[in-house]
Amino acid sequence: MRLSRYPINTMKETPAEAEVLSHQLMLRAGLIRRLAAGLYSWLPLGLRVLQKVERIVREEMNRAGALELVMPVVQPAELWQESGRWSEYGPELLRFKDRHERDFVLGPTHEEVVTDIVRRELQSYRQLPVNFYQIQTKFRDEVRPRFGVMRAREFIMKDAYSFHLDAASLQAGYRAMYDAYTRIFTRTGLTFRAVRADSGAIGGDVSQEFHVLADSGEDAIVFSDADDYAANLEVAVALPPSQPRPAAREPLRKVATPGARTIAELARQLQVEPARCVKTLIVDGGDGEVVALVVRGDHELNALKAQKLPGVAAPLTLASAAQVQQATGTEPGYVGLVGLKCRIYADHSALALADFVCGANEKDQHLTGVNWERDVQGATAADLRKVVEGDPSPSGKGVLKIARGIEVGHIFQLGDKYSRPMKAAVLDEAGREVTLLMGCYGIGVTRIVAAAIEQNHDERGIIWPQPIAPFQVILVPLNLHKSARVREVSERLYEELTAAGIEVLYDDRDARPGVKFADAELLGVPHRLVVGERSLEAGKLEYRHRRDSASIEFPAADARDFLRQRLAG
RNA sequence: CGGGGUGUAGCUCAGCUUGGUAGAGCGUUUGGUUCGGGACCAAAAGGUCGCAGGUUCAAGUCCUGUCACCCCGACCA
């Protein structure tokens, strides 16, 4: 491709709309342009990267035996009503009416549509298992789209759906997708990790996420330093302390703590460790009641764990000030456990405390020397908190570490969540009708591009992993207009390399060397070939990998073979 | 949806406090000088100052409303 014919517009300055690095670089390099919040156009250069990723995904899905199809983006409401998600999915599902006043949605995912296909097309167990996938535009009306294509409203997803007669087959299909995903992310050149996850709005029992490790990642992921345990922070299990609770020694005492609404302030006033205090959070129980959730002062509540407890409303909602007043007689900040009437869930580590501090249910007052059983009865033990670095791993080996990740893939064993309400069944060997079991598997194709940049860049620009680079080689002639020899050699090289199947971006613009170098580095093409009078004098060309800090010279006549070697290695 | 912020040339921003002929840098076009790390000189094109209403002799600037976008929190590939 001749750069003179490729209308890219690189920018020296960072557009104000971009906060994260990948977004800034994608705009500066001319990969994408914003149309509206969460909606992006992919310019030719960006599209090349996207297509590279798609090709890898497609090859590995095909290799795993999945069958590609395409389903409509616009879907009738009836299907969503049938699965129950018309009411469950919430405002992220964009709904609209057509001219006949019929309800439709813009597909955020395709479980309903694929299940509808399968129940019509498949009649016999002999046709199972089967896995259908597509690479297609999705729309989710995100509350807050951000970070460019990382969390866009419209994005490209590879979504796959497998159907099975029994659990063993579902597990085998799931495992096959796990392996395919591992190959896909390995091939794209990303550093990633598979972690245990919550299944969220998609539903089902077993699920894992694939995260690209990057400091800018939105998710916290947790892993053991001694084995392969890894989980999203949302679901990472906090083990109960191994030490038994010490005996009560102090008497219950009420102390004045003016203005101490936070654990930090309380600990400062009373000169105690936050770990000796407990936080009591009053949340909505969903049935008009409220529930108290208790965690140790130095711990944070894990909302996902909490909202799965019986009698707790999901999504988790903190009780209003009025509700708190009614249930405890005081305001948030002074809520305590002694004499509390509502249902109490206490985190294991809070339950292991003796002689601890909590609110007195009275403004500007706290209690010290509080003890379970003696002063507070009826609390239910639960895992309520977010794990912290240094906690023992639930796997039994090692301690937990926490890193940031970008979720690029998610695989689920859905079971019959969709096939049962939508009546997707086949006849088994004995002629009995069997409801299908289902798995689903997503990859954020557009997100992979952003994640790749987050993981591979320097102060000058992008450094593409070769498998997804828009071009393999950038050919940079210096002072083209001045030197007939440079022009002649460059033109010939471009023809020769292109004919050899190498993807060359040829910077044939009449620009100064500094401009060309700066653009080459911003664009991040992995291999750079410089043609200049200086080395041509000795019959040489200059080569430099985007990661290297210095160029090497080699005989101009060997260009094709030299490059092939570099591309292979 | 709650909290914070910004809308002025393609991009980055100044001008607004104190109302009086709309600016700079980058980019673009033309000519010239340059030419191995984002050159220089000269000329030029390019703006309903987000939109609507109001105050005023006069509004980019003051007032009211509205829209869009960005950032922080709860959701997700």
Side-chain angles (χ1 to χ4, degrees), chain A residues 7 9-20 23-24 27-28 30 33-39 53 57 89-93 108-109 135-160 181 197-202 207 209-212 218-219 232 234 301 303-304 307 314-318 405-412 440-451 460-461 476-483 486 510-522 528 530-536 542 544 551:
Chain A
N9 195 4
T10 58
M11 292 182 267
K12 257 193 256 188
E13 284 165 307
T14 303
E17 74 189 60
E19 188 73 9
V20 298
H23 189 195
Q24 294 174 352
L27 289 168
R28 288 185 51 209
R33 289 291 180 255
R34 196 195 70 218
L35 179 64
L39 303 177
V53 175
V57 170
Y89 209 96
E92 239 174 73
L93 180 64
T109 172
I135 297 176
Q136 186 229 31
T137 297
K138 296 285 182 282
F139 190 92
R140 294 183 186 175
D141 201 357
E142 295 281 348
V143 187
R144 185 151 96 82
R146 59 186 134 169
F147 306 152
V149 300
M150 196 94 87
R151 175 173 302 285
R153 290 194 290 176
E154 188 178 300
F155 60 100
I156 296 173
M157 179 159 106
K158 186 286 300 173
D159 47 325
Y181 276 36
D198 180 60
S199 49
I202 307 288
S207 103
E209 294 166 346
F210 287 78
H211 282 263
V212 166
E218 284 189 83
D219 290 296
N232 194 304
E234 294 177 331
L301 181 73
L304 190 75
Q307 72 189 30
L316 191 76
T317 4
L318 285 174
I406 300 165
E407 185 188 353
V408 290
H410 201 160
I411 59 178
F412 304 79
C440 81
Y441 318 93
I443 287 181
V445 176
T446 36
R447 187 179 280 181
I448 284 178
V449 177
R460 293 167 185 269
V476 183
L478 303 181
N479 300 317
L480 255 186
H481 60 289
K482 226 173 47 175
S483 164
V486 167
D510 182 13
R512 296 165 59 85
V515 173
K516 291 189 176 189
F517 290 144
D519 275 347
E521 280 149 3
L522 177 59
R528 186 180 83 183
V530 172
V531 183
E533 271 296 339
R534 196 191 282 174
S535 22
L536 224 44
E542 291 158 47
R544 181 157 156 189
S551 301

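Chain A is the first sequence line, chain B the second, and so forth, proteins listed ahead of strands; every chain is numbered from 1.
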Exercise for the section: Name the nucleic acid region contacted by A/Glu209, choosing base, sugar-phosphate or nothing; use a 4.0 angstrom heavy-atom cut-off, strictly under. Expected result: nothing
Fill in the blank from the handout: Which of B/C70, B/A77, B/C35 is nearest the side chain of A/Arg512? It is B/C35
Practice task
Give the nucleotide from the list B/U12, B/A77, B/C69 with an atom nearest to the side chain of A/Arg34.
Solution key: B/C69
Exercise for the section: Considering just the side-chain nitrogens and oxygens of A/Arg144, establish if one lies under 4.0 Å of OP1 or OP2 belonging to B/C71. Expected result: yes
Practice task
Using a heavy-atom cut-off of under 4.0 Å over every strand shown, decide if A/Thr14 touches base, sugar-phosphate, or nothing.
Solution key: sugar-phosphate
Fill in the blank from the handout: When A/Val212, A/Val53, A/Ile406 are each screened for side-chain contact (heavy atoms from CB on, under 4.5 Å) with A/Arg447, the one that passes is A/Ile406
Exercise for the section: Please confirm whether any donor atom in the side chain of A/His410 sits under 3.5 Å from an acceptor in the base of B/C76, or the reverse. Expected result: no
Fill in the blank from the handout: Considering only heavy side-chain atoms of A/Arg544, the closest of B/A77, B/C70, B/G37 is B/G37
Exercise for the section: Identify whether any heavy atom of A/Ser535 sits under 4.0 Å from a base atom; if not, whether one sits that close to sugar-phosphate; answer base, sugar-phosphate or nothing. Expected result: base
Handout entry: Given B/C35, B/C13, B/C71, the nucleotide with the shortest approach to the side chain of A/Glu19
Key = B/C71
Problem - Minimum-distance nucleotide to A/Glu407 side chain [options: B/A77, B/G38, B/G37] - result: B/A77
Exercise for the section: Go through B/G38, B/C72, B/C35 for me and flag the one nearest to the A/Arg28 side chain. Expected result: B/G38
Practice task
Classify the nucleic acid contact of A/Ile443 as base, sugar-phosphate or nothing, counting any heavy atom under 4.0 Å across all strands shown.
Solution key: nothing
Handout entry: Whichever of A/Glu17 and A/Arg534 has its nearest RNA chain B nucleotide further upstream toward 5'
Key = A/Arg534
Exercise for the section: Can you tell me the distance, in whole Å, between the NZ atom of A/Lys12 and the P atom of B/G25? Expected result: 13 Å
Practice task
Round to the nearest Å and state the distance from A/Arg140 atom CZ to B/C76 atom C1'.
Solution key: 6 Å
Exercise for the section: Kindly say whether, by distance alone, the side chain of A/Glu533 makes a donor-acceptor pair under 3.5 Å with the base of B/G36? Expected result: no
Completion exercise
5'-most contact on RNA chain B (nearest-nucleotide basis), A/Arg528 vs A/Gln307, goes to A/Arg528
Fill in the blank from the handout: Note, RNA chain B 5' to 3' with Watson-Crick or G-U pairs under 3.5 Å encoded as ( ), [ ], | and . gives (((((((..((((......[..)))).((((((.....)))))).....(((((..]....))))))))))))....
Problem - Atom P, compared across B/G60 and B/G54: separation rounded to whole Å - result: 15 Å
Problem - Quiz item: A/Asp219 side-chain donor-acceptor pair to B/C76 base, under 3.5 Å - result: yes
Completion exercise
Rounded to whole Å, the CZ-C1' distance (A/Arg151 to B/C70) equals 16 Å
Problem - Any donor-acceptor N/O pair under 3.5 Å between B/G36 base and A/Glu542 side chain - result: yes
Problem - Side chains of A/Ile448 and A/Ile443 in contact at under 4.5 Å (non-hydrogen atoms) - result: yes
Handout entry: Gap in Å between the two C1' atoms, one belonging to B/U48 and one to B/G7, rounded
Key = 15 Å
Problem - Euclidean distance for P, B/A39 against B/C75 (whole angstrom) - result: 49 Å
Handout entry: Rounded distance in Å between the P positions of B/A44 and B/G25
Key = 14 Å
Handout entry: Of the listed nucleotides B/C11, B/A77, B/C76, the one nearest the side chain of A/Glu13
Key = B/C11
Practice task
Identify whether a stacking contact exists between A/Phe155 and B/A77, where the ring centres must be under 5.5 Å apart and the planes under 30° apart.
Solution key: yes
Practice task
Could you tell me whether A/Arg460 contacts a base, only the sugar-phosphate backbone, or nothing, with contacts defined as non-hydrogen atoms closer than 4.0 Å?
Solution key: base
Problem - Chi angles and distances behind the side-chain contact (heavy atoms from CB on, under 4.5 Å) call for A/Arg534, A/Leu478 - result: CA-CA 10 Å; A/Arg534 196 191 282 174; A/Leu478 303 181; over 6 Å; no
Practice task
Give the rounded distance in Å between these two atoms: OH of A/Tyr441 and P of B/A77.
Solution key: 15 Å
Problem - Sugar-phosphate only, base, or nothing, as touched by A/Val408 at under 4.0 Å among non-hydrogen atoms - result: sugar-phosphate
Problem - P gap between B/C40 and B/U34, integer Å - result: 16 Å
Practice task
Could you tell me whether the side chain of A/Phe517 reaches within less than 4.5 Å of the side chain of A/Arg460, counting heavy atoms only?
Solution key: no
Fill in the blank from the handout: To the nearest angstrom, the CG-P distance between A/Asp141 and B/C75 comes to 17 Å
Practice task
Tell me which nucleotide among B/C35, B/G38, B/C76 gets nearest to the side chain of A/Pro513.
Solution key: B/C35
Completion exercise
Against the side chain of A/Glu218, the closest entry in B/C75, B/G36, B/U12 is B/C75
Exercise for the section: Round to a whole Å and report the spacing from CG of A/Leu304 to C1' of B/G73. Expected result: 17 Å
Practice task
Please state the P separation for the pair B/C67 and B/G31 - nearest whole angstrom.
Solution key: 49 Å
Exercise for the section: Given side-chain contact (heavy atoms from CB on, under 4.5 Å), test A/Ile135 with A/Ile156 step by step and report yes or no. Expected result: CA-CA 7 Å; A/Ile135 297 176; A/Ile156 296 173; 3.8 Å; yes
Practice task
Assign A/Ala152 to base, sugar-phosphate, or nothing according to its heavy-atom contacts below 4.0 angstrom with the strands shown.
Solution key: base
Practice task
Let me know the distance between CG of A/Leu522 and P of B/C26, rounded to the nearest Å.
Solution key: 19 Å
Practice task
Please report the C-alpha distance between A/Lys158 and A/Tyr181 in whole Å, then the side-chain angles of each, then the deciding distance to 0.1 Å, and finally whether the side-chain contact (heavy atoms from CB on, under 4.5 Å) criterion is met.
Solution key: CA-CA 11 Å; A/Lys158 186 286 300 173; A/Tyr181 276 36; 2.6 Å; yes
Practice task
Give A/Gly532 one of three labels, base, sugar-phosphate or nothing, depending on what nucleic acid heavy atoms sit under 4.0 Å from its own.
Solution key: base
Exercise for the section: Using the P atom on both, measure B/A59 against B/G27 and round to a whole Å. Expected result: 36 Å
Handout entry: Nearest-nucleotide pick for A/Thr446, side chain only, options being B/C71, B/C13, B/A77
Key = B/A77
Handout entry: Heavy-atom side-chain proximity of A/Asp159 to A/Lys138 below 4.5 angstrom
Key = yes
Practice task
Report yes if a donor N or O on one partner sits less than 3.5 Å from an acceptor N or O on the other, where the partners are the side chain of A/Asp519 and the base of B/G38; otherwise report no.
Solution key: yes
Exercise for the section: With P as the reference atom in both, quote the distance from B/C16 to B/U28 in angstrom, rounded to an integer. Expected result: 31 Å
Handout entry: Distance in angstrom units between A/Glu521 CD and B/G36 C1', rounded
Key = 13 Å
Practice task
Measure from the side-chain N and O atoms of A/Arg28 to the backbone N and O of A/Met11, and report whether any donor-acceptor pair falls under 3.5 Å.
Solution key: yes
Practice task
Would you classify A/Gly514 as touching base, sugar-phosphate or nothing, given that sugar-phosphate means primed atoms plus P, OP1 and OP2, and contacts are heavy atoms under 4.0 Å?
Solution key: sugar-phosphate
